[in-house]
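Count residues from 1 along the sequence.
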Amino acid sequence: MRNETETNARTQPAGPAAPAASAGELLFEIFCAVIFLGMIGLVFYNAFLRYVFSSSYPPSEEWARFLFIYITFFGAIEAFYRKKHIAVDMVVDMLSGTPRKVVDICGILLAMGAMSLLLYGGVQYVLQTLDTYSVATSVNMSLINGTLPIMALAALAMQARDLIRLIRTPSSAFVKEDKTKHITDLEVM
């Protein structure tokens with residue numbers, strides 16, 4: 001006989017819905033998609049010209065390279081925002097309580113140091129390229145290289161927000177992550 005408190009997948013309430021993306025998030029995603037599609041379109045256009053007409057349009061190669069730089073750094077901002085950047089957390093996941101909180105704080109501080117170096121170096125690089133123009137398109141290279149300090153500044157702001165949130169979180173909230181679910185999912189595949 002079935003227990004009255006038992007539930008199955010059909011009677012369980014759905015988990016919390018993902019929050020709706022704000023207008024800013026949506027616009028940023030559209031911006032990144034346009035950059036990415038533009039880069040793909042330019043590469044396809046140039047390949048088409050080479051193989052069909054045995055000629056190419058040199059500015060399209062340069063614009064594709066510029067868009068690749070843009071999508072790299074703006075994609076990094078998206079990765080930081082969604083916390084989808086590469087992280088090695090095998091040892092950290094085995095910790096809990098205060099040690100976990102201390103390690104997480106140290107990790108964010110080290111990442112902030114790295115982003116600060118990128119920001120400083122990026123600003124210096126932009127200043128050095130203020131009078132440099134690209135060969136095929138005559139675009140000022142500081143407009144292209146400016147994406148590095150923008151990415152570093154955005155990442156610093158997000159990490160500062162995460163650091164404040166981490167410091168305010170009590171140590172008791174840091175528990176070991178259960179990896180058995182992930183292992184079970186992998187075994188099914």
**OP:** Identify whether I35 and Y81 are in the same connected component of the hydrophobic contact network (ILVMFWY, side-chain heavy atoms under 4.5 Å).
**Re:** yes
Original post:
side-chain contact (heavy atoms from CB on, under 4.5 Å) with K84: which residues, sequence neighbours excluded?
Top reply: R82
Original post:
According to the salt bridge (Lys or Arg N to Asp or Glu O under 4.0 Å) rule, which pairs have a member within residues 115-136, sequence neighbours left out?
Top reply: none
**OP:** Identify, with sequence neighbours excluded, every residue that meets side-chain hydrogen bond (donor to acceptor under 3.5 Å, both in side chains) alongside T98.
**Re:** S171
Original post:
If you look only at pairs with a residue in residues 147-167, which of them pass as a side chain to side chain donor-acceptor pair (under 3.5 Å), with sequence neighbours excluded?
Top reply: K83-D162
Original post:
In terms of hydrophobic clustering (I, L, V, M, F, W, Y; side-chain heavy atoms under 4.5 Å; direct or indirect links), are M141 and F73 co-clustered?
Top reply: yes
Original post:
Any sub-3.5 Å donor-acceptor pair from K101's side-chain atoms to P170's backbone N or O?
Top reply: no
Original post:
Any side-chain heavy-atom pair from C32 and Y70 closer than 4.5 angstrom?
Top reply: no
Original post:
Which residue pairs pass the salt bridge (Lys or Arg N to Asp or Glu O under 4.0 Å) test with at least one member in residues 142-156, sequence neighbours excluded?
Top reply: none
**OP:** Of all the heavy-atom pairs spanning P58 and S56, show the shortest one and how long it is.
**Re:** CD-O, 3.4 Å
**OP:** Determine, using the 4.5 Å side-chain heavy-atom cutoff (strictly less than), whether L148 and L153 are members of one ILVMFWY cluster.
**Re:** yes
Original post:
For T169, which residues count as a side-chain hydrogen bond (donor to acceptor under 3.5 Å, both in side chains) partner, sequence neighbours excluded?
Top reply: none
Would you be so kind as to tabulate the donor-acceptor pairs closer than 3.5 Å made by side chains of residues 44-54, with sequence neighbours excluded?
residue : atom : partner : partner atom : Å
N46     : OD1  : Y57     : N            : 3.2
N46     : OD1  : S60     : OG           : 3.4
N46     : ND2  : E61     : OE2          : 3.0
R50     : NH2  : E61     : OE2          : 2.1

**OP:** Please identify each residue that fulfils side-chain contact (heavy atoms from CB on, under 4.5 Å) with F36, with sequence neighbours left out.
**Re:** M39, I40, I71
Original post:
Hey, what else clusters with I30 if you join Ile, Leu, Val, Met, Phe, Trp, Tyr whenever side-chain heavy atoms sit under 4.5 Å?
Top reply: L26, V34
**OP:** Determine whether F80 and L27 fall in the same hydrophobic cluster, where Ile, Leu, Val, Met, Phe, Trp and Tyr are linked whenever their side-chain heavy atoms lie under 4.5 Å apart.
**Re:** no
Subject >> P59 versus T137, closest heavy-atom pair with distance >> reply: CB-CG2, 3.8 Å
Original post:
Same cluster or not: are L166 and V92 linked, directly or through other Ile, Leu, Val, Met, Phe, Trp or Tyr residues, by side-chain heavy atoms under 4.5 angstrom apart?
Top reply: no
Expected list for residues 102-129: side-chain donor-acceptor pairs under 3.5 angstrom, two or more places apart:
residue : atom : partner : partner atom : Å
D104    : OD2  : R100    : NE           : 3.2
S116    : OG   : M112    : O            : 2.8
T129    : OG1  : Y125    : O            : 3.1
T129    : OG1  : V126    : O            : 3.2
T129    : OG1  : N145    : ND2          : 3.3

**OP:** I would like to know whether W63 and V139 meet side-chain contact (heavy atoms from CB on, under 4.5 Å); could you show each step before the answer?
**Re:** CA-CA 10 Å; W63 279 112; V139 172; 3.6 Å; yes
Original post:
Roughly how far, to the nearest 0.5 Å, is the CG atom of L163 from the CE atom of M158?
Top reply: 14.5 Å
Original post:
Got a second to check how far L42's CG is from L37's CG, nearest 0.5 Å?
Top reply: 11.0 Å
Subject >> Qualifying residues under side-chain hydrogen bond (donor to acceptor under 3.5 Å, both in side chains), relative to Y133, sequence neighbours excluded >> reply: none
Subject >> side-chain contact (heavy atoms from CB on, under 4.5 Å) partners for I150, two or more places apart >> reply: F74, I77
